[in-house]
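All ligand and atom numbering here is 1-based and tracks the order in the structure. All heavy atoms count here, side chains included; hydrogens, waters and symmetry mates do not.
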Amino acid sequence: MAADAQEGAVIVVVAANASHDRRSAVTLFSRLRTAKGQADPFPIYTALRSMGGVSPAPWGGSLVTSFDLCDQVLRSRHWLEPDKRWRDQQGPGTRWNAPSSREMSNTLPALNPPDHTRIRRAAGTFGRPALQRIGRTISRTTDQLLSGLAEQLHAGEADFAALVSEELPVAAIGDWLALPTADRSRLRRLTHDQVFTQELLPSASQLARSDAATAELRAYFMDLVRHRRTHPGEDPVSGWIRTWDAIEPDRDKADEAVYFLALFVLLAALETTSSLLSIMTLRLVEHPERWDTVATRPDLVPAFVEETLRYDPPTHVISRIAAKDCVLGGIEIRKDDMAHLMVGAAHWDPARHTDPERFDLQRKPDHLAFSGGIHYCLGAPLARLEAQTLLHQLVRRLPRLTLVRRPAWAPRVAFRRLLNLDVALA
Ligand code: HEM
């Protein structure tokens with residue numbers, strides 16, 4: 001065969017493979033977006049990975065399932081967050097220009113340097129004194145929640161997700177931000193609705209719910225910021241107002257910047273941590289020997305939390321945009337193309353973790369649950385503290401629990417959510 005003909009044949013095969021891969025990816029993603037797919041996404045991830053560490057996403061852009069490549073993208077300055085400029089480019093009528101998405105484009109995980117650097121610095125971090133103070137609230141709240149759970153368990157089964165996992169994060173972040181206790185259930189409901197704009201493929205009705213929740217949250221947090229301006233305290237919102245007043249002469253702009261921080265901290269803290277608490281407890285109760293191991297070896301509590309974060313993290317997808325044309329995992333990527341880092345799949349990449357399907361407390365912590373690089377999660381110490389406190393108290397205070405029925409999962413892809421976790425005394 002002449003060289004031209006040979007090359008032509010190769011191109012035809014590659015194109016046929018690519019279109020076959022795209023069709024397979026469509027099928028796999030529609031399975032992922034069901035409650036059944038969310039109950040066990042891992043075989044679907046294995047099928048995705050069999051198309052390569054990087055494969056074309058059916059709707060454009062790429063899917064990255066290789067751990068090393070996800071890690072590389074997160075740490076690289078050649079990959080950016082989908083910021084306002086990029087969202088504008090996608091055009092009116094796209095999900096990226098829905099009101100909720102435009103609002104999110106002002107929050108930390110949608111900013112790139114130098115804006116990100118400036119605002120992240122102003123946000124500060126969880127220092128030891130703050131963590132110690134919140135730690136006391138977390139301990140006390142966990143104790144109360146487990147008493148309520150125990151009471152219900154003596155009468156029969158109990159929904160751990162509703163009684164404990166949904167309550168502890170909102171109590172912790174509510175205490176830190178000094179939010180009125182009476183507002184907690186409203187804020188939790190709004191967060192559940194708002195998250196859809198951050199999902200991988202939100203439907204029009206989901207986006208509408210997210211838009212409505214975003215508008216309500218804006219009104220709530222703008223009122224809060226104005227109130228704290230006139231009644232300052234020692235809470236972080238008052239602290240952010242002081243910080244911003246020192247760097248931004250325009251008071252309205254300073255208030256707006258503080259609003260975006262407070263808004264995103266709430267959104268970032270609630271669903272993710274609730275999912276961690278529920279998934280951790282699910283992994284604990286589904287195998288009796290795991291409960292017994294942690295009860296007799298409480299020093300394994302931090303390893304249990306880290307292995308939960310690897311095995312099934314609360315966030316399964318993180319997205320980035322290419323800052324310039326490049327090649328990733330042998331695939332050509334154009335400037336402004338999006339890569340979906342499938343971290344839930346990457347955590348089961350056998351090239352990184354031996355026997356990834358084994359829940360193994362002896363593993364060295366190694367995961368991307370809190371992202372990596374400059375956007376590394378600001379709340380990771382708080383999330384870890386909540387999970388470790390809960391697990392310690394759970395195995396110390398209660399006899400072994402058992403799973404009554406398989407839980408139901410919200411049918412989405414990026415943000416895991418257990419809708420119930422029904423347990424009983426073993
Ligand atoms: C288990 C619980 C949590 C998980 C799995 C989680 C996960 C993440 C991930 C994956 C990112 C990075 C997104 C990206 O790279 O684009 C992130 C960023 C962030 N998280 Fe968390 N998070 C958790 C809890 C929290 C809590 C409790 C807070 C606040 C108290 C928080 C505050 C933030 C903030 C402010 C950012 C933005 C950082 C930046 O862009 O510079 N998170 N989180």
Peer 1: Mark up the atoms of ligand 1 that fall under 4.0 Å of a heavy atom belonging to R120, in ascending order.
Peer 2: 38 (C), 39 (C), 41 (O)
Peer 1: Treating S30 as the side-chain partner and T27 as the backbone partner, does any N or O pair qualify as donor plus acceptor under 3.5 Å?
Peer 2: yes
Peer 1: For the residue pair H347 and R352, confirm or rule out a side-chain donor-acceptor distance under 3.5 Å.
Peer 2: no
Peer 1: Using a strict 4.0 Å cut-off to heavy atoms of A383, name the atoms of ligand 1 that fall inside it.
Peer 2: 1 (C), 2 (C)
Peer 1: Does any donor atom in the side chain of H316 or Q38 lie under 3.5 Å from an acceptor atom in the other side chain?
Peer 2: no
Peer 1: In this structure, does ligand 1 have an atom that sits under 4.0 Å from one of the heavy atoms of E386?
Peer 2: no
Peer 1: Going by distance only, is there an N or O of T273 that falls short of 3.5 Å from an N or O of ligand 1?
Peer 2: no
Peer 1: Atom 34 (C) of ligand 1: which protein heavy atom is closest, and how many Å away?
Peer 2: F264 CE2, 3.5 Å
Peer 1: Indicate, as side chain, backbone, both or neither, the part of I318 found under 4.0 angstrom from ligand 1 when only non-hydrogen atoms are considered.
Peer 2: side chain
Peer 1: Answer side chain, backbone, both or neither: which part of L108 comes under 4.0 Å from ligand 1, heavy atoms only.
Peer 2: both
Peer 1: According to the interplanar angle, ranging from 0 to 90°, do the rings of F359 and Y311 count as parallel (below 30°), tilted (30 to 60°) or perpendicular (above 60°)?
Peer 2: perpendicular
Peer 1: Tell me the protein heavy atom at minimum distance from atom 10 (C) of ligand 1, and give that distance in Å.
Peer 2: A369 O, 3.4 Å
Peer 1: Heavy-atom contacts with L276 under 4.0 Å: which atoms of ligand 1 show up? List them by number with element.
Peer 2: 1 (C)
Peer 1: CD1/I333 to NZ/K324 distance, rounded to the nearest 0.5 angstrom?
Peer 2: 13.0 Å
Peer 1: In ligand 1, which numbered atoms sit nearer than 4.0 Å to a non-hydrogen atom of P109?
Peer 2: 40 (O)
Peer 1: Kindly confirm or rule out an N or O of H116 lying under 3.5 angstrom from an N or O of ligand 1.
Peer 2: yes
Peer 1: Considering only NZ, NE, NH1 and NH2 on the basic side and carboxylate oxygens on the acidic side, decide whether D312 and R416 come within less than 4.0 Å.
Peer 2: yes
Peer 1: Looking at E81, which atoms of ligand 1 are within less than 4.0 Å of one of its heavy atoms?
Peer 2: 14 (C), 15 (O), 16 (O)
Peer 1: Please determine whether any non-hydrogen atom of I374 lies less than 4.0 Å from an atom of ligand 1.
Peer 2: yes
Peer 1: How far is atom 23 (C) of ligand 1 from the closest protein heavy atom, and which atom is that?
Peer 2: T272 OG1, 3.4 Å
Peer 1: Looking only at heavy atoms of R384, does any of them come nearer than 4.0 Å to an atom of ligand 1?
Peer 2: no
Peer 1: If you count the atoms of ligand 1 from 1 in the order shown, which ones are under 4.0 Å from a heavy atom of A268?
Peer 2: 20 (N), 23 (C), 24 (C), 25 (C), 31 (C), 32 (C), 33 (C), 42 (N)
Peer 1: Counting C-beta onward and ignoring hydrogens, is there a side-chain heavy-atom pair between R188 and E167 closer than 4.5 Å?
Peer 2: yes
Peer 1: Does ligand 1 have any atom sitting under 4.0 Å from a heavy atom of F126?
Peer 2: yes
Peer 1: Among all protein heavy atoms in this structure, tell me which lies nearest to atom 19 (C) of ligand 1, with the distance rounded to 0.1 Å.
Peer 2: C377 CA, 3.8 Å
Peer 1: Kindly confirm or rule out an N or O of R320 lying under 3.5 angstrom from an N or O of ligand 1.
Peer 2: yes
Peer 1: Is there a heavy atom in P313 that sits closer than 4.0 Å to ligand 1?
Peer 2: no
Peer 1: Under a 4.0 Å threshold between the charged nitrogen and the carboxylate oxygen, would E307 count as salt-bridged to R283?
Peer 2: no
Peer 1: Considering A414, S319, S371, A269, which one's heavy-atom position lies nearest to atom 12 (C) of ligand 1?
Peer 2: S371
Peer 1: Can you find a heavy atom in the side chain of L207 that is under 4.5 Å from one in the side chain of F196?
Peer 2: no
Peer 1: How close does the nearest protein non-hydrogen atom get to atom 40 (O) of ligand 1, and which residue and atom is it?
Peer 2: H375 ND1, 2.7 Å
Peer 1: Could you check atom 29 (C) of ligand 1 against the protein and tell me its nearest heavy-atom contact, residue, atom and distance included?
Peer 2: G379 CA, 3.8 Å
Peer 1: Below 30° counts as parallel, above 60° as perpendicular, anything between as tilted: where do the rings of Y45 and F42 land?
Peer 2: perpendicular
Peer 1: Give the atoms of ligand 1, by number and element, whose distance to some non-hydrogen atom of I173 is under 4.0 Å.
Peer 2: 30 (C)
Peer 1: Using only heavy-atom distances, determine whether the side chains of T214 and E103 contain a donor-acceptor pair under 3.5 Å.
Peer 2: no
Peer 1: For residues S147 and R397, is any side-chain donor paired with an opposing acceptor at under 3.5 Å?
Peer 2: yes
Peer 1: State whether D366 and K364 are salt-bridged, where the test is any N-O pair (Lys NZ or Arg NE/NH1/NH2 against Asp/Glu carboxylate O) under 4.0 Å.
Peer 2: no
Peer 1: What do you reckon, does W176 have a nitrogen or oxygen under 3.5 Å from a nitrogen or oxygen of ligand 1?
Peer 2: no
Peer 1: Is the shortest side-chain heavy-atom distance between M104 and L267 below 4.5 Å?
Peer 2: yes
Peer 1: Give the intermediate values and the outcome of ring-ring contact (aromatic ring centres under 6.0 Å, His included) for residues H375 and H116.
Peer 2: CA-CA 9 Å; H375 292 278; H116 176 265; 4.1 Å; yes
